2 protein chains.
Amino acid sequence: MAGRVRIQDVAAAAGVSVATVSNALNRPERVNAGTAARIQRIARELDYVPHHGAVDLRHGRRSAIALVIPDVTNSFYARITRGAADAAYGHGFSLVLCDSNDDAERERDFFTMLADQRAAGAVVVPRGADRQRLDGLRRRGIPLVLTDRAVPVQEGCSVAVDDVAGGRLAVEHLLAGGARRILVVNGDRAIRQCADRWQGARQAVREHRGAAVRQVSVPQMDVACGAAAVRELAELPDAVFCTNDFLAVGVVQALLARGVRVPGDITVAGFGDLDVATVSAVPLTTVRQPVEELGRAGVGLLLDEVEAVDDHTHEARQFPPRLVVRESAPRQEVLV
Amino acid sequence: MAGRVRIQDVAAAAGVSVATVSNALNRPERVNAGTAARIQRIARELDYVPHHGAVDLRHGRRSAIALVIPDVTNSFYARITRGAADAAYGHGFSLVLCDSNDDAERERDFFTMLADQRAAGAVVVPRGADRQRLDGLRRRGIPLVLTDRAVPVQEGCSVAVDDVAGGRLAVEHLLAGGARRILVVNGDRAIRQCADRWQGARQAVREHRGAAVRQVSVPQMDVACGAAAVRELAELPDAVFCTNDFLAVGVVQALLARGVRVPGDITVAGFGDLDVATVSAVPLTTVRQPVEELGRAGVGLLLDEVEAVDDHTHEARQFPPRLVVRESAPRQEVLV
DNA sequence: CAGTGCGTCTTAAACGTTTTAGAAAGCCGT
DNA sequence: ACGGCTTTCTAAAACGTTTAAGACGCACTG
């Protein structure tokens, strides 16, 4: 009684042709009601499940989509993955995960895997993907949705978080708390996200008379670098905006170590709302990005393009982040 | 020049039959060297990539495996995923990610997706999966490797971390540091991992004359509960072993808040080596589990069963954790 | 009673491959 | 000149489905 049961087995058991079985299961109205019921019963009894690959092949359709990311272990990508998985499940697609392990060559391999029609399309958070390769896939009829990278909208859909708004949000909050001299602890400004968050910070400051901002850039966005950035700072600001929560945790630790009270003397805001934000000695006020939403929307746009290939118009969707207020920079109750 | 190029197109362009193209690409020795070269060149020029689904169908083979997990967002599962992805890539398989979002019904859906031959097998970290359903899949010829759950080895392969050894490791370290009265802050003892880690702790203590251990159980394994567990403790121990890093972070915070020095007065060890371990006010000494290895080995065993279906013997593989010494419980330099 | 139409089922083609069996052609030795 | 062998290619079946087209019987109509 073992082994896979094919549509043929059902047909044999019911004493009809395979076509009739197929019809009974997919379009019962074309089959005598009694027969249809009988076939359905038999199929259920035999525990028949259609071979999905064959169905797809027949239909010239593909019911899997791919998600290409640099590293699931990074919670940002994990959250994208989670959102994408949700959406894929919701649409009845299966999701093949392509984790490039931050390796450009592996990423390339995944792209040729896409070309072999395994997937109907892909949501990609690019690592090294060059435009040429992406175009190659598109020409093959494999839609791509890019994430977290600026893309000319005529080339395809994209989704991203509005990092400028995020930086602005954080700094506006610090200013509203009474801070005037703001320090921004940033990562490599060549990274778009870093540049954008800094730009948002500047916008906020520019609109606030009497406020001043300055920036210090560190090589790695981790706790140690955050701590280093303020450990030997000659002149302390009123508030610090870190473009990443790890940096913020380091900053808070270093400030406390210097005997500076947070938020008493200096307020601190982070970015990302990572796990560490709540675990920090002083729970971090930070900017929460709708990352799951990024994944979900990416898959949504992709499937829209896949299914409504006729009248699909590309779209560059941007999501607003929101502020999560915790202790490191509390809601202002400062009555001046 | 757009659209998918099929093997037929290559055949037409080369003026040969599709069979010859297939041979030229897959078994060139059966084809005249010159022709083979010409066909390969043409295939390359046309950018031909075989339709993987069709190939699989023809071969009665499947080149995808599934990974069923409760939630990628949880770093434990993310690390399993990463290991599984690595191994799948290494073997030329694609990995379809089934994130059940901690939902038993969704998990069931994924299992019927498996039955439809989309995947050659699955590595599953079960949430609610009952034995009956798993057996159903196995009877269909879909091999399953279970993770992180004790399974009778005759039913299939499994991989797990040796949690008993982990608990033992941590507590032995605390004892070696000079501690005698050990407190274990544990989660729900109905959870296998919690029970095992506690058992390991007890073993270590039992083998150490003069040592005593006691346990307190908290409802959630998070920072708040960890803090609560020691905040109002009447009698402080020499050392605390927390069966999870979040608990440990909470414990450290609460101890520091009480004016207890860590590791000066009390040493603390955690479990998991999560991100938070390094970020904690006092970097945590903790037990690192080879989680990626779990995923990698899971896929390895699965593919062994898939490919060498003849002489595969089931295996329950267990991985030893190792201790990561940081500041909360430093290497003993205590010269008694 | 021939013709028409309907309801029900089946035959066969198709999806894009691989592979088996065999055909065509060239060469060899007798 | 012929049978047999080798080399090189092709036709066709197969994988498990779906579906367009057609066959068969039956009731109805004129």
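On a predicted model such as this, the values are computed, not experimentally measured, just so you know. Each chain gets a letter, A, B and so on, in the order the sequences are listed, and its residues count up from 1.
Taking side-chain N and O atoms only, Tyr48(A) has a distance below 4.0 Å to OP1 or OP2 of dT17(D).
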Discussion item. Across nucleotides 19-28 of chain C, 5' to 3', mark each nucleotide with B, S or - according to how protein heavy atoms within less than 4.0 Å reach it.
Written reply: B---------
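What separates CG of Asp9(A) from C1' of dC15(D) is a distance of 14 Å, to the nearest Å. When rounded to the nearest whole Å, the span between CZ of Arg62(B) and P of dT17(C) equals 21 Å. dT10(C) atom C1' lies 14 Å from atom CD of Gln8(A), rounded to whole Å. To the nearest angstrom, P of dT17(C) lies 14 Å from CD1 of Ile39(B). Rounded to a whole Å, the CG atom of Asp56(A) is 15 Å from the C1' atom of dA14(C).
Positionally, the nearest nucleotide of DNA chain D for Ala33(B) lies more toward the 5' end than for the other of Ala54(B) and Ala33(B). Closest-nucleotide positions on DNA chain D for Leu57(B) and Val16(B) were compared, and the one nearer the 5' end corresponds to Val16(B).
With sequence neighbours excluded, no residue forms a salt bridge (Lys or Arg N to Asp or Glu O under 4.0 Å) with Arg30(A).
Checked against dC9(C), dT17(C), dT10(C), the side chain of Ser17(A) finds its nearest nucleotide in dT10(C). Nearest to the side-chain atoms of Arg6(A) among the listed nucleotides dG16(C), dG16(D), dT10(C) stands dG16(D).
Sequence neighbours left out, the pairs with a member in residues 83-96 of chain B that pass side-chain hydrogen bond (donor to acceptor under 3.5 Å, both in side chains) are Arg106(A)-Asp86(B), Asp109(A)-Tyr89(B), Arg82(B)-Asp86(B), Asp86(B)-Arg296(B).
Arg61(A) CZ: more than 12 foreign heavy atoms inside a 6.0 Å radius.
The shortest heavy-atom contact between Ala36(B) and Ala24(B) is CA-CB, 4.1 Å. Scanning all heavy atoms of the two residues, the minimum distance from Leu95(B) to Ala88(B) falls at CB-CB, 4.2 Å.
Residues Val16(B) and Arg38(B) form a side-chain contact, since some pair of their non-hydrogen atoms from C-beta on lies under 4.5 Å apart.
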